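Worksheet for the structure shown next.
Throughout, protein chains are lettered first and strands after them, A, B, ... in sequence-line order, and every chain is numbered starting at 1. Keep in mind that what you see is a predicted model, and the values were worked out from it rather than measured.
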Number of protein chains: 2
Amino acid sequence: MKASTNQQEKEFLTRYNIHDYEVPLTSVDIVIFTIINEEVNVLITQRSDFPFKGYWAIPGGFIDIKKDKNIKQTAQKKLREKTGYGAPYLEQLGAIGNDSRDPRGWSVTVTYFALVNAEDIIFSTDTRWSHLDKDGNIQQKLAFDHAELIQEAFQRLRNKAQYTTIALHVLPEKFTLSELQRCYEIILGGELNKSGFRRRIIKGNVIEKIAGESKQTVTRMAQLYRKSEDENLHFYMREIYAK
Amino acid sequence: MKASTNQQEKEFLTRYNIHDYEVPLTSVDIVIFTIINEEVNVLITQRSDFPFKGYWAIPGGFIDIKKDKNIKQTAQKKLREKTGYGAPYLEQLGAIGNDSRDPRGWSVTVTYFALVNAEDIIFSTDTRWSHLDKDGNIQQKLAFDHAELIQEAFQRLRNKAQYTTIALHVLPEKFTLSELQRCYEIILGGELNKSGFRRRIIKGNVIEKIAGESKQTVTRMAQLYRKSEDENLHFYMREIYAK
DNA sequence: CCAATAGTGTCTTTCAGACACTATAGT
DNA sequence: ACTATAGTGTCTGAAAGACACTATTGG
């Protein structure tokens with residue numbers, strides 16, 4: 001009988017208690033990228049609690065099941081706490097879960113990566129930028145497997161820069177095409193062809209000229225652009241190739 | 001002092017008990033695709049327990065933190081239980097987590113998608129194929145948000161078929177180029193150009209002729225191919241376009 | 001012979017790569 | 001005038017799309 005099944009299900013749910021089971025830890029971690037001084041940087045923060053107390057780590061933490069509606073909201077909250085930044089580019093990388101990454105036990109972490117403009121960031125305490133080398137390696141010894149998470153995120157970023165307009169999101173509101181090209185070159189790790197790059201970006205329809213505004217560079221004036229409102233990530237049918 | 005920090009950390013870990021915290025449910029779900037009768041199909045299984053007892057759902061379940069080393073192993077185990085299949089194409093889709101998808105409470109699920117050849121499957125009880133329509137929708141009302149998970153996985157599959165050799169993995173050991181092209185057409189939902197398709201696949205270097213073997217089709221003989229051993233997923237620099 | 005599918009050849013189109021050219025500002 | 005960077009024009013080449021052609025088998 002359907003009614004009786006419903007009744008049984010209600011009883012099952014009333015009696016259900018997650019603490020009757022052996023469960024993994026579940027957390028969220030965020031790799032926050034920016035570009036500073038022609039280098040890719042990642043935001044790291046010093047841990048104030050065990051485990052790995054005092055070590056540097058990427059921002060993250062546990063889901064607050066009372067307050068968070070969904071996991072992206074958890075990520076956004078953590079990001080805002082560390083950067084004061086409301087609406088960056090934020091994308092899920094995936095989940096990593098195994099029995100060895102956390103000394104507290106079996107751990108699953110859902111990792112996100114974000115792109116921000118460095119000037120928009122308001123640091124919380126014990127937070128700073130750390131630059132990556134050309135292969136996505138960081139200088140510091142980090143807590144947990146965070147160095148690996150950063151490497152994977154960096155690979156995804158580099159990969160995605162080959163066929164999308166993702167690099168736009170590290171720039172401030174106003175920027176020149178040369179600045180944008182330089183961002184791509186830093187992320188991709190190689191030189192790009194100027195006229196080809198401009199053709200491609202313009203066709204992507206993701207930026208627009210700011211009428212009458214230009215910027216003084218080392219030599220001559222350069223046209224300023226802004227991100228266009230409609231599309232914030234264009235996918236190309238063909239990859240760009242650096243070097 | 002370093003030694004004292006180590007001591008403190010040891011004590012912290014000894015005292016640490018996950019059940020002192022409010023934690024979400026964490027599970028793994030797998031969308032298993034194949035092609036049968038010119039249609040994309042997904043493997044579904046009937047739930048034997050609450051919640052959603054008796055409903056159809058995709059395979060999945062909780063991580064066994066005593067036995068599973070990592071989360072991919074959990075997925076592989078679940079897949080093997082339902083299909084008897086050892087080494088299919090298996091890729092992580094991502095994690096979905098929110099407070100409404102599971103009546104037991106806040107739930108995070110790590111979803112995988114797999115491609116298998118239908119003939120290799122040995123069904124467990126209460127398991128069957130269900131076909132998708134052109135937009136990735138399934139007929140049945142499924143448990144939880146599984147219909148959405150399937151849709152997302154299908155979008156990823158269709159997308160990935162545009163620039164990789166992924167469709168290879170639904171075929172049996174030996175196949176013809178026309179059969180492979182048909183698989184792509186079914187996944188992509190449109191017709192492909194024959195000579196262009198062949199050029200592309202051959203260049204991908206993922207298949208090889210089986211010398212001297214051919215297959216009788218409705219009219220004439222067709223060369224048989226097998227997957228080549230070295231590369232099992234080739235990424236093209238440019239997308240293919242259906243229709 | 002015809003029907004139907006396997007398999008090939010070739011012209012067109014699209015878009016990235018290369019590279020040289022012109023334009024403009026400070027010194 | 002010189003230098004450095006902004007910005008453009010145009011040729012080349014790689015690979016996809018279109019489409020017609022030939023090849024092979026059963027009836």
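Evaluation of the ring-ring contact (aromatic ring centres under 6.0 Å, His included) rule for Tyr184(B) yields Phe197(B) as partners, not counting sequence neighbours. Evaluation of the ring-ring contact (aromatic ring centres under 6.0 Å, His included) rule for Tyr241(B) yields no partner, not counting sequence neighbours. Phe154(B) is linked by a ring-ring contact (aromatic ring centres under 6.0 Å, His included) to nothing, counting only residues two or more places apart in sequence or in another chain.
Between the NZ atom of Lys215(A) and the P atom of dG26(C) there is a distance of 15 Å, rounded to whole Å. One atom, OH of Tyr236(A), and another, P of dT14(C), lie 17 Å apart when rounded to the nearest Å. In this entry the distance linking CG of Leu180(A) with C1' of dT5(D) reads 17 Å, nearest Å. One atom, CG of Leu192(A), and another, P of dC15(C), lie 18 Å apart when rounded to the nearest Å. Put simply, CD1 on Ile240(B) is 10 Å from C1' on dG17(D), counting in whole angstrom units. Atom CE in Met237(B) sits about 15 Å away from atom C1' in dT14(C), given to the nearest Å. Here the P atom of nucleotide dA14(D) and the CD atom of Glu239(A) are 17 Å apart, to the nearest Å. For the pair Leu188(B) CG and dA16(D) P, the computed distance is 14 Å after rounding to whole Å.
For the pair Arg198(A) and dG7(D), the criterion of a side-chain N or O lying under 4.0 Å from OP1 or OP2 is met.
Looking at Thr74(A), its side chain never comes within 3.5 Å of a backbone N or O of Lys72(A) through a donor-acceptor pair. The main-chain N or O of Ile187(B) is found under 3.5 Å from a side-chain atom of Arg158(B) such that the two form a donor-acceptor pair. Put simply, the side chain of Thr164(B) never gets that close to the backbone of Phe235(B): no donor and acceptor are under 3.5 Å apart.
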Nucleotides 22-27 of chain D: which of its N/O atoms have a protein N/O under 3.5 Å away?
from    : atom 1 : to        : atom 2 : distance (Å)
dA23(D) : N3     : Arg220(B) : NH1    : 2.5

Can you give me the N/O atom pairs linking the protein to nucleotides 18-20 of chain D at distances under 3.5 Å, or say none if there are none?
from    : atom 1 : to        : atom 2 : distance (Å)
dA18(D) : N7     : Asn193(B) : OD1    : 3.4
dA18(D) : N7     : Asn193(B) : ND2    : 3.0
dA18(D) : N6     : Ser195(B) : OG     : 3.1
dC19(D) : N4     : Ser195(B) : OG     : 3.0

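Under a cutoff of 6.0 Å and an axis angle of 45°, Arg156(B) and Phe113(B) do not form a cation-pi pair.
Here the closest heavy-atom approach between residue Leu171(B) and residue Lys227(B) is recorded as O-NZ, 3.1 Å.
Near DNA chain C, defined here as any heavy-atom distance below 4.0 Å, the residues from residues 171-179 of chain B are Ser178(B), listed numerically.
Between the side chain of Arg238(A) and the base of dA16(C), no donor-acceptor pair under 3.5 Å is found.
Taking the six-membered ring where tryptophan is involved, the planes of His234(A) and Tyr236(A) are perpendicular, since the angle between them exceeds 60° and thus also 30°.
The residues Arg101(B) and Glu148(B) are annotated as not salt-bridged, no charged nitrogen and carboxylate oxygen being separated by less than 4.0 angstrom. A salt bridge links Arg182(A) with Glu185(A): the closest approach of a Lys/Arg side-chain nitrogen to an acidic carboxylate oxygen falls below 4.0 angstrom.
As judged by a 4.0 angstrom heavy-atom cut-off over every strand, Tyr241(A) is placed among residues touching the sugar-phosphate backbone only.
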